[in-house]
Every structure is written in structure tokens, then in C-alpha cells.
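Reviewing the structure listed below.
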Amino acid sequence: MTLTLTETDTAQSIIAHEAAHVAPTYPRPPFALAHGEGVYLYDTEGNAYLDLVAGIAVNALGYGDPALVEAISQQAAQLIHVSNLYHTAPHAALAARLCEASFADKVFFSNSGAEANEAALKFARKWAYIHRQPDPASPPPLYVRAHHIVDKTELVTFSNGFHGRTTGSLSVTPRPKYQDPFRPLLPDVRVVPFNDLEAAASVIWQGTCAVFVEPVQGEGGIHPATPEFLQGLRALCDEHGALLIFDEVQCGMGRTGSLFAYEQFGVQPDILTLAKPLAGGLPIGATLVSAQVAGAIEYGDHGSTFGGGPVVTRAAQVVLDRVSDPAFLQHVQEVGMYFKAGLKGLNSPLITGVRGMGLMLGMELSVPATEAVKAGYAHGLLMVNAGPDTLRFVPPLIIEKHHVDEAIDKLTQVLASL
Ligand code: PLP
């Protein structure tokens with residue numbers, strides 16, 4: 001039998017086919033989405049949903065942005081794929097523009113956040129391999145030099161951190177539920193509490209290759225780092241010759257009200273990873289590296305068949321144009337503050353905390369956050385949890401104050417129904 005599933009098929013038949021044929025890695029609600037416009041999504045039955053998820057912090061420009069659609073269509077007609085064996089203008093232009101906008105000297109493109117972090121890990125290991133030092137406590141006899149070099153392989157990561165699901169990125173994602181079934185993972189990973197500088201100081205040493213940290217933790221429950229923590233990590237990395245890696249896959253590209261979240265902490269990393277919103281919904285990952293890290297990378301060290309293809313890098317330039325505009329960032333800050341104030345003003349005994357920066361907000365509940373997510377569907381509200389008890393709000397960055405009013409209204413009803 002040939003399947004003819006299109007967006008006009010009923011939710012029931014789509015859900016039945018998914019249940020039969022799609023690997024069960026995600027639980028999904030009982031409707032199927034068909035199209036989007038602005039900050040709203042519509043299901044196959046025509047029901048509208050105010051979208052506070054944005055494809056999990058991806059669709060920064062919402063749905064149907066004319067410039068984005070135009071760029072993707074034009075580029076698709078001109079050239080979809082040639083591999084990384086060849087030069088193309090969109091690839092070159094996006095790399096140049098990301099370097100110009102940041103601390104970085106060079107960029108490697110891939111297809112997802114996890115891949116961006118895999119590249120970060122490999123580039124850091126390569127840099128550390130070159131820069132490992134003789135152990136001063138144990139001067140080497142000339143004929144066994146290798147035994148007296150301190151291996152510079154250790155990775156430091158933090159509680160509640162999330163860096164992806166590939167084996168390398170999972171190794172620095174310290175959650176038993178995600179890690180335990182897949183052991184053994186990478187060795188030499190040290191895990192310390194987030195925002196605890198003293199604990200970090202106790203594990204960062206000459207043998208540390210890199211420190212992996214999200215300036216604002218996303219999946220772990222929307223926890224911003226303190227400026228002192230990130231500044232302290234920078235100092236510890238400098239002191240011990242380790243690399244500082246900021247994972248801005250979720251919090252980067254305008255989400256917190258600055259183009260890169262690190263700008264608000266007064267610290268620059270050696271490596272920065274980006275993904276989710278970078279190409280406006282098309283799959284992309286980017287690993288931005290400083291000149292010193294770039295100096296360690298040679299032909300053959302890493303690669304990707306699809307990474308940085310013409311369509312995604314052309315789309316990303318549209319996103320970068322828009323989100324790097326100071327007026328756009330001002331909008332994110334203003335609507336973010338308005339949203340946060342609205343959440344704080346909600347009068348429900350179930351709310352135990354509100355936190356976050358820009359349009360990356362979290363509301364902690366005394367009941368499982370998934371209960372609120374499920375209740376939201378009936379009210380035309382899309383939300384997602386971050387950890388078991390936090391509702392996460394990462395809407396399209398084009399959301400306006402009147403949408404926030406609508407969201408707060410619906411959320412009031414959702415909370416009252418629990
Ligand atoms: N890093 C962070 C901070 C993330 O939030 C995520 C995904 O949620 C990832 C990495 C992994 O990205 P991807 O799902 O695109 O592999």
C-alpha cells in the first residue's frame with residue numbers, strides 16, 4: 001500500500017501511522033500540526049495554538065517570515081548541496097559574519113547542537129593534545145618522555161547541564177536517566193555543582209582540557225549562571241591552560257536580549273557553540289573558535305557531509321541580520337521583562353519561582369510541569385517543560401506584548417485547572 005499522508009489527513013490517521021512506524025523517543029500530544037503564521041501554529045483540524053515553544057527555542061522569527069522563506073526558496077532553486085569539498089558564497093559569508101560579530105576567528109558548521117558540541121570537544125582535545133606539558137614533578141628520563149607528560153584530557157561539566165545526545169556530548173550531560181543505559185561513555189569527565197566556583201576550582205588543573213558550560217542552562221530548568229561564576233571559570237581556565245567552552249545552543253542568537261548571552265556576563269569563551277535558532281528552523285550547528293584553538297585544527301581533523309550547506313547558511317544570514325539589529329534585541333529585552341513581570345504577577349499557589357533572562361524564562365511549579373503542558377493544549381497554548389518541575393517559555397523572538405497578555409490569560413486558566 002502506498003501512503004499518501006499530507007497535511008490534509010486527519011490527526012487520527014497521522015498519529016496511528018506515527019505510533020506504528022516512528023521510534024518511540026518522544027511522547028506527543030493528540031493532534032498534528034499543519035501550518036504556522038507569526039507566533040501561532042495550527043493543527044490539521046484548524047485549531048490555533050499560541051506558541052511559547054518555538055520548536056524548542058528554534059523559530060526565532062516565528063512562522064512564515066517572508067524574507068526567510070524567500071531566501072530559502074531562492075537558494076534551493078540555485079544550489080541545495082555540494083558538500084564541504086567546495087567553496088560556496090553563503091558558507092563563506094556566514095562564517096565571516098559570525099566571526100565579525102563575536103570573539104571568534106574561525107567557524108566549523110555542522111547540523112545540530114549536539115554536533116556543534118562534538119566538534120567543540122574534538123577541537124579542544126586536539127588543542128590540548130598539542131599543548132600538554134611535561135610534568136614538573138616528574139622530570140622525564142629521555143627515553144620514556146611520553147610517560148612524563150601530563151595528559152590534558154579532562155573535561156569539566158556542571159550539574160543540570162545539557163549538551164546533547166551523541167556519545168561525546170552525552171558524556172558531558174550529567175543526568176543518570178540520559179547517561180546510564182549508554183555507558184561506558186567518555187572517561188575523564190568531572191562533574192561539579194553549577195554556579196559553585198569553589199567546587200570548580202577543586203577540579204580544574206593542568207590536566208584539564210576544557211570546561212563546558214551553558215551561560216543560561218536550558219533543559220536543566222532555566223538557570224542563569226552568575227557573572228562571578230563565569231568570570232571565575234575564565235580565570236581558572238587561564239591559570240591552568242584549559243579552554244572555556246560556552247554552549248549557547250539554546251541561549252544564543254538574541255534569546256537572552258543580546259546577540260550572544262556571554263556579552264551580558266563580561267566574559268569571552270575560547271569556543272562557542274550555536275545551533276537551534278541560527279538558521280530559523282533549518283538544521284544547523286556552528287562551533288566558533290578563537291585564533292589559538294583554530295591554530296590547532298588541520299585538514300582531516302573533523303568533517304561533515306551536510307554541515308554549512310548553501311541553503312542553511314543563506315537562511316542563517318537572514319536570521320543573523322534580524323537578531324543582531326539593536327532594535328530587535330531591545331524588543332527581546334522589553335517583551336522579556338514584560339513576560340517575566342506577567343509570570344511573577346500570576347496568583348497561583350502552584351508557582352514556586354520565576355527566573356530567566358530575555359525571552360528564556362522558567363516558572364517552577366509544585367506539581368509536575370508536564371501536567372501544565374498537557375492542560376495547555378485545551379486552552380490553545382503550547383508550552384514545554386525544562387526538567388520535571390519547571391515550565392519553560394522560549395517563544396518566537398518576534399512575540400509582542402499583546403501575545404504575552406494572551407499567554408498570561410491562558411496560563412491563569414491552565415493553572416486554575418490543575
Ligand atoms: N546544547 C544545549 C544547551 C541544548 O539546549 C541542546 C538541545 O536542547 C543541545 C545542546 C543539543 O542540541 P540538538 O538537539 O540540536 O542536538
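Indexing begins at 1, ligand by ligand and atom by atom, following the structure's order.
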>> With a 4.0 Å heavy-atom cut-off, what residues sit around ligand 1?
In response: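 Contacting ligand 1 under 4.0 Å are Ser112, Gly113, Ala114, Asn117, Phe162, His163, Gly164, Glu214, Glu219, Asp247, Val249, Gln250, Lys276.
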> Residues in ring-ring contact (aromatic ring centres under 6.0 Å, His included) with Tyr178, at least two apart?
Replying inline: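 If we apply the ring-ring contact (aromatic ring centres under 6.0 Å, His included) test to Tyr178, skipping adjacent residues, the hits are Phe162.
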>> Can you pull out every ring pair (Phe, Tyr, Trp, His ring centres under 6.0 Å) where at least one residue sits in residues 199-241? Sequence neighbours excluded, please.
In response: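 Residue pairs with at least one partner in residues 199-241: Phe158-Phe229, His163-Phe212, Phe194-Phe229.
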> Between Phe108 and Phe123, is the gap from one ring center to the other below 6.0 Å?
Replying inline: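 So the answer is yes for these two rings.
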> Between Arg183, Lys177, Arg175, which is the residue that forms a side-chain hydrogen bond (donor to acceptor under 3.5 Å, both in side chains) with Gln179?
Replying inline: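 Testing each of Arg183, Lys177, Arg175 against Gln179, the sole residue satisfying side-chain hydrogen bond (donor to acceptor under 3.5 Å, both in side chains) is Arg183.
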> Which residue pairs satisfy the side-chain hydrogen bond (donor to acceptor under 3.5 Å, both in side chains) criterion with at least one member in residues 364-387, sequence neighbours excluded?
Replying inline: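 Qualifying pairs: Arg355-Glu364.
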> Would you find more than 12 non-hydrogen atoms of other residues, nucleotides or ligands less than 6.0 Å from Asn347 atom CG?
Replying inline: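 Check fails, neighbour count at 12 or below.
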